[in-house]
Amino acid sequence: MFNQRVKIKQLLMGNDAASAVGSEVVVMGWVRTFRNNQFIALNDGSTNNNVQVVAGLGEFDDAILKRITTGASLKVKGVVVESQGKGQTVEVKATSIEILGDSDAEKYPLQPKKHSLEFLREKAHLRFRTNTFGSVFRIRHSLAFAVHQFFNERGFLYLHTPIITSSDAEGAGEMFRVTTLPLEGAPKNDAGEIDFTQDFFGKSTNLTVSGQLEGELGAMAFSDIYTFGPTFRAENSNTTRHLAEFWMIEPEVAFNDLEDNMNLAEDFIKHLIAYVMQHNADDLQFLDGRLAEEEKQLPTEKRSGLGLIEKLKFVSENGFERITYTEAIDILLNSNHYKKKKFQYDVKWGIDLQSEHERFLVEQHFKKPVIVTNYPAAIKAFYMRMNDGCEPGKETVAAMDILAPGIGEIVGGSQREERLERLEARMNAMHIPLEEMSYYLDTRRFGSVPHAGFGLGFERMVQFVTGMTNIRDVIAFARTPNNCEY
RNA sequence: UCCUAAGUAGCUCAGCUGGUUAGAGCAUCUGACUGUUAAUCAGAGGGUCCCUGGUUCGAGUCCAGGCUUGGGAGCCA
């Protein structure tokens, strides 16, 4: 068997027999730096902390030492010893060093120095080997695990909703078409349009923009379900918080109303943060320091004031502010910011809240996450439940958005319209073809119940927890307009 | 898609009002040193100044068009 190694994280944690001073170990990993022809900083991705391998002077061939370059992979046998130097308590005194893979120092793109995130984005296949991306992707993993843990503990069923879908009525955004028809000379029907009855599925299909509708079908049997999978939007969005391919978590719960829904979402976010704080303390510490360095470069008024860990602690320990859309509008209208005409977009009841409005509420006014509820029906999707007793002309739906400092909307959700007649009326008004949605309406025809759900953008959550400002830096290989490398 | 800033060595950047052979730090290579922590010291190599066209005696520098990237906006998660 080749693999008898001890992971570097385990070795450095020091509560294991293999990490005890005096024991013989095998470590494998990639060289981060090689100092003084003697000290190898070796990393295997289990932690940002490198193990220091000491190659005693004169004990190894020059031919081997020359090949210990940044990026090279090594198998080291040695003895765990107390370190004579500062910076680490134990180190590995090498008895044998085997080069598993050479790395030409003149060609290897990652140098033992700081790189810009923009540069590393172009070297996405190697950036995992840096401290920043090591931490980000270990935290991303932890968050994914915590998602499943949270729902599993609460008896939710993980429903795998399809990635290819024929439903195009959801209206969540532009879709990517899926077809096997030839681009040139595609079959046409009598009307001169492309004849999708001859396509692979016999109809027009797309990549999913949301698993919600299918999720609702599951919730009408299992009561509590969640989805967690990739979703696709063909929007030409070029921002620090949009991707063409991203991961979304969508719980859907029968017998929940809007308040239950908010409670679930808030508990969920707090669980995710708490999990990472407990299991990725090292990585958070590193990112906290990295962010603090970055903040120093900013002018005072642009600094966030709270460190990353302080922010997470604050969010996980304090209740989110809950206000209605109407209250939000009033707050904006009464703000000095508004009176001094500092908003670029006008504020009045009925508008969709702009980024600047959301930022004001979250970052200036409340200084904590805010849940905004009961938006005007006119600006929200067809499946959201109409609130009863609204003033005519000011109809609202039981929607809720969670706005987070720094990234804006992180959750969007609602109580769903469970009343068949109301739903059909709304769909008709919005010109959504009822026939195509017949399967969906069946849930309202046969044993309909009040239910609610939400969608959480996974990458935005990773952004929030890691403090990374560009969403392209929290997904392994980002897909954005004009960019699909790897 | 719109607004805006940028593109010069492997990386991060400087390069004035157009003027001789385009610079620095880090990285790399060579040598010295050897308990280092982004090691240190000495030396060397390394450039399609984003692309195309234009103005000019002369363009990294000015003009036009294009490409790419960052930031902001819209759409949203």
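To find a chain, count down the sequence lines: A is the first, B the second, and so on, and within it residues start at 1.
- Straight-line distance from the NZ atom of A/Lys114 to the C1' atom of B/rG10: 19 Å, rounded to whole Å.
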After noting the C-alpha distance and the side-chain angles of A/Arg416 and A/Glu252, does the key distance pass the salt bridge (charged side-chain N to carboxylate O under 4.0 Å, His left out) rule? CA-CA 10 Å; A/Arg416 318 305 188 189; A/Glu252 195 67 39; 2.8 Å; yes
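- Under the 30°/60° scheme for interplanar angles, the aromatic rings of A/Tyr325 and A/Trp349 are found to stand perpendicular.
- B/rU20 sits 24 Å from B/rG54 when the P atoms are compared, rounded to a whole Å.
- Counting to the nearest Å, the C1' atom of B/rC26 and the CZ atom of A/Phe119 are 13 Å from each other.
- Taking atom C1' on both B/rA27 and B/rG45, the two are 13 Å apart, rounded to the nearest angstrom.
- Remark: the separation of the C1' atoms in B/rC51 and B/rC67 is 7 Å, to the nearest Å.
- Both the sub-6.0 Å distance and the 45° axial angle are not jointly satisfied by A/Arg479 relative to the ring of A/Phe477.
- Residues A/Tyr226 and A/His148 bring their aromatic ring centres within 6.0 Å.
- Distance check, rounded to the nearest 0.5 Å: OG of A/Ser96 to CD1 of A/Ile64 gives 9.5 Å.
- For A/Asp352, whose side chain is taken as the heavy atoms from C-beta onward, the closest listed nucleotide among B/rG74, B/rG10, B/rC76 is B/rC76.
- On the C1' atoms, B/rA22 is 14 Å away from B/rU48, given to the nearest whole Å.
- Note: OH (A/Tyr108) to C1' (B/rA27) measures 13 Å, nearest angstrom.
- Closest-nucleotide positions on RNA chain B for A/Gln354 and A/Gly412 were compared, and the one nearer the 5' end corresponds to A/Gln354.
- Comparing B/rC75 with B/rG60, their C1' atoms sit 40 Å apart, to the nearest whole Å.
- With a 3.5 Å ceiling on both atom-pair distances, B/rC76 lacks any Watson-Crick or G-U wobble partner.
- Across the protein-nucleic acid pair, A/Phe246 atom CZ and B/rC75 atom P stand 16 Å apart, rounded to whole Å.
- When both distances must be under 3.5 Å, the Watson-Crick or G-U wobble mate of B/rA5 is B/rU69.
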What does nucleotides 41-49 of chain B look like as a protein-contact string, B for base, S for sugar-phosphate only, - for none, at under 4.0 angstrom between heavy atoms? ---------
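- The distance from atom NZ of A/Lys113 to atom P of B/rA39 is 13 Å, rounded to the nearest whole Å.
- With ring centers used as reference points, A/Phe133 lies 6.0 Å or more from A/Phe128.
- Annotation: salt bridge (charged side-chain N to carboxylate O under 4.0 Å, His left out) contacts involving residues 86-112 of chain A, sequence neighbours excluded, comprise A/Glu59-A/Lys93, A/Arg67-A/Asp102, A/Asp104-A/Lys107.
- The local environment of NZ in A/Lys75 is crowded, with over 12 non-hydrogen atoms from other residues, nucleotides or ligands closer than 6.0 Å.
- Contacts of A/Phe464 with the nucleic acid, taken as non-hydrogen atoms under 4.0 Å apart, are absent.
- The same atom, P, is picked in B/rU28 and in B/rG65; the two are 43 Å apart, to the nearest Å.
- Checking B/rA22 for Watson-Crick or G-U wobble geometry (two distances, each under 3.5 Å) identifies no partner in any strand.
- A centroid separation of 6.0 Å or more is found between the aromatic rings of A/Tyr383 and A/Tyr440.
- Salt bridge A/Glu245/A/Arg233: absent, no basic N to carboxylate O contact under 4.0 Å.
- Every residue was checked against the salt bridge (Lys or Arg N to Asp or Glu O under 4.0 Å) condition with A/Glu259, not counting sequence neighbours, and none meets it.
- Taking 3.5 Å as the limit, the base of B/rC76 and the side chain of A/Ser237 contain no donor-acceptor pair of atoms between them.
- Using a 4.0 Å heavy-atom criterion, one finds that A/His115 contacts the sugar-phosphate atoms exclusively.
- Annotation: B/rG53 and B/rU17 have their C1' atoms spaced 25 Å apart (nearest Å).
- Checked against the 6.0 Å centroid criterion, the rings of A/Phe320 and A/Phe366 do not qualify as a close aromatic pair.
- Nucleotide B/rA59 forms no Watson-Crick or G-U wobble pair with any nucleotide shown, as no partner meets the under 3.5 Å limit on both distances.
- Using a 4.0 Å heavy-atom criterion, one finds that A/Ile407 contacts no nucleic acid atom at all.
- Across the protein-nucleic acid pair, A/Asp104 atom CG and B/rA27 atom C1' stand 13 Å apart, rounded to whole Å.
- Put simply, A/Thr33 has no side-chain N or O that comes within less than 4.0 Å of OP1 or OP2 on B/rA38.
- Between B/rA14 and B/rG71, the two C1' atoms lie 22 Å apart (nearest whole Å).
- Counting to the nearest Å, the C1' atom of B/rA39 and the CZ atom of A/Arg32 are 18 Å from each other.
- Residues A/Phe360 and A/Phe343 place their aromatic rings such that the two centres sit under 6.0 Å apart.
- The separation between A/Ile68 atom CD1 and B/rC29 atom P is 13 Å, rounded to whole Å.
- Out of B/rG10, B/rC76, B/rU28, the shortest distance to the side chain of A/Gln111 is found at B/rG10.
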Give the B/S/- string for nucleotides 31-37 of chain B, one per nucleotide from 5' to 3', where a protein heavy atom under 4.0 Å of the base yields B, of only the sugar-phosphate yields S, and otherwise -. ---BBBB
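- A/Pro405 pairs by the side chain to side chain contact (heavy atoms under 4.5 Å, CB included) definition with A/Val362, A/Glu363, A/Pro369, A/Phe464, not counting sequence neighbours.
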Below 3.5 Å between N/O atoms, which protein atoms pair up with nucleotides 65-72 of chain B? Just atom names and distances, please.
from: B/rG70; atom 1: OP1; to: A/Arg121; atom 2: NH1; distance (Å): 2.8
from: B/rG71; atom 1: OP1; to: A/Asn470; atom 2: ND2; distance (Å): 3.3
from: B/rG71; atom 1: OP2; to: A/Asn470; atom 2: ND2; distance (Å): 3.2

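- Pair assignment for B/rU48: none, as no Watson-Crick or G-U wobble contacts are both less than 3.5 Å.
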